[in-house]
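Computed from a prediction, not measured in an experiment: that's the story for all the values here.
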Amino acid sequence: MADRVERLTNLLALLLESRVGLSLAEILTALDGQYPSGERAHRTAFERDKAALRDIGVPIETEVRTGDALAGQTRYRIDRAQYELDDLDLAPDEMRALQVAVATVRTDSGHDAILKLGGALSTGDRPPVSAVLPDRPELPTVRAAVAARRSVTFGYGGAQRAVDPWGVLLRGGFWYLVGHDHLRDAKRTFRIDRFDGEIELGEPGSFERPADFDPRSAFPADPKQIGHASDDAVEATVRIGAIRAAASERELGTDRVIARRGDGSIDVLVPATNLDAFRSWVIGLVEHAVVLGPPEIRREIVEWLRAVVEADPHGEVAT
Amino acid sequence: MSVAKKAGPRNAQDRLRRLLIVLPWLMEQGQVPLATVAERFDMSENEIAKDLELVAMCGLPPYVDEMVDVFVDHGMVFVGIPRLFTRPLRLTAPEGFALLAAGRAAMELPGADAEGPLARGLVKLADALGRAGLDEDVGQRVDDTAGVAVDLERPAGTEDVLDAVADGAELRIEYFSPARGEVNARTIVPRHVFVEGGNWYFLADDEQSNERRTFRIDRIESIDRTGTVHELDPDAVAPDAFFTDADLPRARVRLQPGARWIVDRYPTDSVELVSGSGKRTTQDRNAVVDVVLPVASDWWLSRLLVRLGPDAQVIEPAGADDGARELAARILSTYD
């Protein structure tokens with residue numbers, strides 16, 4: 001029996017060269033002696049080969065013959081136009097820029113893509129800055145669905161969601177899908193690492209995306225992010241000690257600073273409409289931040305801290 | 001040769017995958033030293049020669065005879081008249097995604113040129129990948145991003161650090177250490193800047209410890225050049241897996257719904273549903289869950305517990321809540 005690489009190469013060549021679809025019987029005749037004998041053994045081996053070729057990206061199509069004595073027979077073919085890489089017509093400097101990008105954002109799949117496009121793995125280039133992107137197995141499927149306008153169905157938060165995918169976005173270290181959620185009939189954002197189970201794909205061209213859609217601006221503002229809320233209904237004054245003053249001013253923006261003191265500390269006015277977010281931020285600064293007012297928010301922080309101090313260390317763990 | 005060899009046996013599928021990339025390139029070259037092929041495709045000369053000899057034996061008379069005319073002799077690879085495998089396979093979905101994501105991310109890094117060759121190359125790539133798999137009669141024009149956007153917003157000070165890397169400049173920084181809750185002055189030489197998990201870091205030679213350490217840019221309180229310039233180290237690269245927090249101690253914390261946000265914010269080993277929560281799943285925002293998470297320091301855990309207050313209870317390690325009580329009392333004293 002032939003080496004499997006040899007058999008796979010022969011099978012691929014046969015399907016590429018044939019102008020019409022071939023039946024399994026015809027394939028076995030052409031690859032005489034390369035498949036094990038016996039109906040079940042050769043079918044199993046052929047199915048494995050077909051799966052291996054598809055896995056590396058070979059588009060094998062199946063068609064069921066109709067209308068003659070061989071009706072019902074399955075035939076296999078490869079459409080060359082689907083098999084061969086489109087010529088991207090990259091200029092040398094564009095190719096080089098993509099190479100550097102792949103060296104900067106280290107990814108194995110990216111290396112194979114560069115080689116296919118005729119580039120080299122740039123081992124000499126060591127950019128002074130690099131990025132590590134989180135890798136999720138769902139991403140290529142979701143992106144391809146965006147490009148082909150196929151709706152996607154997936155488990156999320158305990159429910160099945162049907163979404164028209166408009167784009168994927170990396171922000172704050174996580175990949176998000178932005179699209180139209182049929183369950184809520186509204187634009188929604190989903191964290192891709194929270195998808196549950198398999199993704200089911202709809203038909204290509206099953207929806208239209210708003211013409212002016214841009215995933216970067218479609219993203220909802222993080223309610224936990226301090227200093228970026230648009231509706232500052234409640235604001236609190238916080239004194240920040242010298243040790244954390246510079247970093248806090250950078251985080252909040254200089255326009256939030258309402259007083260600067262001789263010891264290096266600053267007073268800032270920050271939104272506190274979302275009290276949970278505000279408390280989490282101010283306590284995160286530990287003894288370097290004190291809420292000066294308004295009194296009800298100051299009291300809220302004091303009570304919270306007191307509750308921690310007075311928590312019963314031997315109490316039951318709540319469920 | 002500097003390129004490391006991939007270890008372990010390669011399966012038939014991987015060998016064919018690589019061959020279908022190597023062959024079209026060889027056919028363009030005509031003849032090329034075996035060593036050049038090996039280096040370019042990150043394989044050993046042995047592996048390449050073996051696979052090429054195998055593929056030269058392939059053929060299906062009378063259908064497809066002598067499909068690949070290739071032989072290896074005295075360290076040279078010769079290719080005859082190209083017939084099959086003259087074009088590489090189209091990009092797979094993972095390859096297309098990887099390339100787009102890498103390109104988009106690189107466009108977000110400091111120094112990227114919005115009109116430069118990368119931007120132009122990405123438009124061509126998006127055009128090709130947007131078309132792939134699309135029915136002709138649907139024919140919708142896909143936007144330039146081809147569905148992938150990357151936002152790597154960077155903290156103030158990133159450019160200063162990057163300039164220092166380029167110049168080999170020594171810096172005097174005031175740096176907030178969350179593990180100790182203190183700000184310290186340090187003298188360092190930045191070597192490489194990288195972004196991971198939404199945060200910006202840099203590697204630097206730390207004068208005090210005489211070691212290469214990782215710092216977070218958003219924890220720099222102030223930054224000044226000392227005027228001293230050191231030799232550049234072009235070999236400095238980001239660690240392969242920066243979050244090697246495998247050695248850190250762990251804490252098990254029970255989270256009420258109000259504390260659930262930390263699962264989205266911090267790395268966790270596990271998130272388990274607490275029994276008695278009925279038919280809920282761990283994805284349910286109203287479920288009570290136990291999380292196990294790496295703990296940078298006792299101080300860090302105390303601070304987290306004070307922020308979470310009654311919404312969290314530490315189960316392990318025992319006594320961790322003592323630290324939280326002490327910290328809460330210390331903060332309270334500033335309100336007297």
Report yes if the side chains of B:Asp14 and A:Ile56 come closer than 4.5 Å at any heavy-atom pair, otherwise no. no
I'd like to know if the side chain of A:Arg4 reaches the main chain of B:Ala12, judged simply by a donor and an acceptor atom lying under 3.5 Å from each other, with no hydrogens or angles considered. no
Keeping B:Tyr335 on the side-chain end and A:Ile301 on the backbone end, is there a donor-acceptor pair under 3.5 Å? no
Under 4.5 Å heavy-atom distance to chain A, tell me which part of [X] shows up: side chain, backbone, both or neither.
X: B:Arg15; result: side chain
X: B:Val306; result: both
X: B:Leu19; result: side chain
X: B:Phe85; result: side chain
X: B:Met57; result: both

Cation-pi check for A:Tyr83 against B:Arg90: NZ or CZ below 6.0 Å from the six-membered ring centre and within 45 degrees of the axis, yes or no? no
Smallest heavy-atom separation, A:Val309 atom then B:Arg325 atom, equals O-CD, 2.8 Å
Provide the closest heavy-atom pair for A:Trp304 versus B:Arg307 in the form atom of the first, atom of the second, distance. CZ2-O, 3.3 Å
Return the CG to CD distance between B:Asp51 and A:Glu6, rounded to the nearest 0.5 Å. 12.0 Å
Take atom CZ of A:Arg48 as the centre, draw a 6.0 Å sphere, and report whether it contains more than 12 heavy atoms from other residues, nucleotides or ligands. no
Taking every non-hydrogen pair under 4.5 Å, which of A:Ala113, A:Pro59, A:Pro165, A:Gly167 racks up the most with chain B? A:Ala113
